[in-house]
Amino acid sequence: MFSTLLTTIENHICTRTINRPDKLNALNKTVMEELNAAIDEVYTNPAIKSVIITGAGTKSFVAGADINEFIGLSADEGKALAKKGQDIFFKIENASKPIVACVNGFALGGGCELAMACHFRIASENAKFGQPEVTLGLLPAYGGTQRLTQLIGKGRSLELLMSGNMLDANTAMQYGLINHIVPQEELLNKAKSILETINSKAPLAVAKCIVAANAVFDETKNGYAVEIDSFGSCFNTEDMKEGTAAFLEKRKASFIGK
Ligand code: COA
């Protein structure tokens, strides 16, 4: 069991709540280790079809990496910390099940990076996004320079990265960083309703959507070729036969994930 993560699984939707509200849910070593193990479980537990990541309390999603743990690090230790964080966030990004960030307040530094590693983001009205690392003499290193630029474009990204300024939810929406803004008390229900729709679709096809969309940003891959291969492989699945048959027979498809 985890000491910094709360977990519920309901209707195959696993909600992971980062639970250090007195420290605005800052990502210390324990949170990162537990998040890593929690994502491993998402990969392997068939009872989990999709995931919500959120923060405890009403003020903060995650206010960044835990700054206390930066004190006294050497350059090599800083690099190792960044690599570990990037690896965990790659694991989130490349999961074959949808992972949604429910941003319930501050998403700063590593918190903004965590939200961006998720497949999409829903925010409460009080959400604030930013990469304030330059204020500390640092830059984002859990993938933030890359994913922020992918999501909102280079000019807007560099302004945020270099100024450390925060975006409110409305601006984040206008920039395309988040998909929806809802009152805080509706945040989890909004995500659950979207995930229930996704969970009713063919899981292997959903997984292939993630693979193909991620290929856009992977220089080692040709996304169009990935799309062709993914489409072809779906024809080998029982779910594709079921989905097309159900359409033609005017009934609801029942998918088994094979
Ligand atoms: N690392 C460690 N502790 C953090 C933290 C972080 N990233 N962010 C907040 N905390 C802690 C504070 O130190 C404080 O702890 P304390 O009560 O023991 O002193 C507690 O969380 C509450 O934060 P506080 O600063 O008092 O709240 P606030 O409402 O005045 O300000 C923020 C909120 C988010 C603006 C402010 O906490 C902040 O700037 N945090 C750092 C953001 C950051 O630079 N993130 C990138 C890190 S790489």
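We number each residue from 1, following the sequence as shown. Both counts, for ligands and for their atoms, begin at 1 and track the order of listing. Excluded from the calculations below are hydrogen atoms, water molecules and symmetry mates; all remaining heavy atoms, backbone and side chain alike, are included.
Rounding to the nearest 0.5 angstrom, the gap separating the CZ atom in Arg20 from the OG atom in Ser3 is 9.5 Å. From Ile39, atom CD1 reaches atom NZ of Lys97 across 10.5 Å, with rounding to the nearest 0.5 Å.
Neither side chain, Asp168 nor Asn170, offers a donor N or O lying under 3.5 Å from an acceptor on the other.
Every residue two or more places apart in sequence or in another chain was checked for a ring pair (Phe, Tyr, Trp, His ring centres under 6.0 Å) with Phe61, and none qualifies. For the side chain to side chain contact (heavy atoms under 4.5 Å, CB included) test, residues two or more places apart in sequence or in another chain that qualify with Thr149 are Lys154, Ser157. For Gln86, the side chain to side chain contact (heavy atoms under 4.5 Å, CB included) partners two or more places apart in sequence, or in a different chain, are Phe90.
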For each nitrogen or oxygen atom of ligand 1, which protein N/O atoms lie closer than 3.5 Å, and how far apart are they, rounded to 0.1 Å?
unit_1: ligand 1; atom_1: 1 (N); unit_2: Ala65; atom_2: O; d: 3.4
unit_1: ligand 1; atom_1: 1 (N); unit_2: Ile67; atom_2: N; d: 3.0
unit_1: ligand 1; atom_1: 7 (N); unit_2: Ala63; atom_2: O; d: 3.0
unit_1: ligand 1; atom_1: 7 (N); unit_2: Ala65; atom_2: O; d: 2.9
unit_1: ligand 1; atom_1: 15 (O); unit_2: Lys23; atom_2: NZ; d: 3.4
unit_1: ligand 1; atom_1: 18 (O); unit_2: Lys23; atom_2: NZ; d: 2.4
unit_1: ligand 1; atom_1: 29 (O); unit_2: Lys59; atom_2: NZ; d: 2.6
unit_1: ligand 1; atom_1: 45 (N); unit_2: Ala63; atom_2: O; d: 3.0

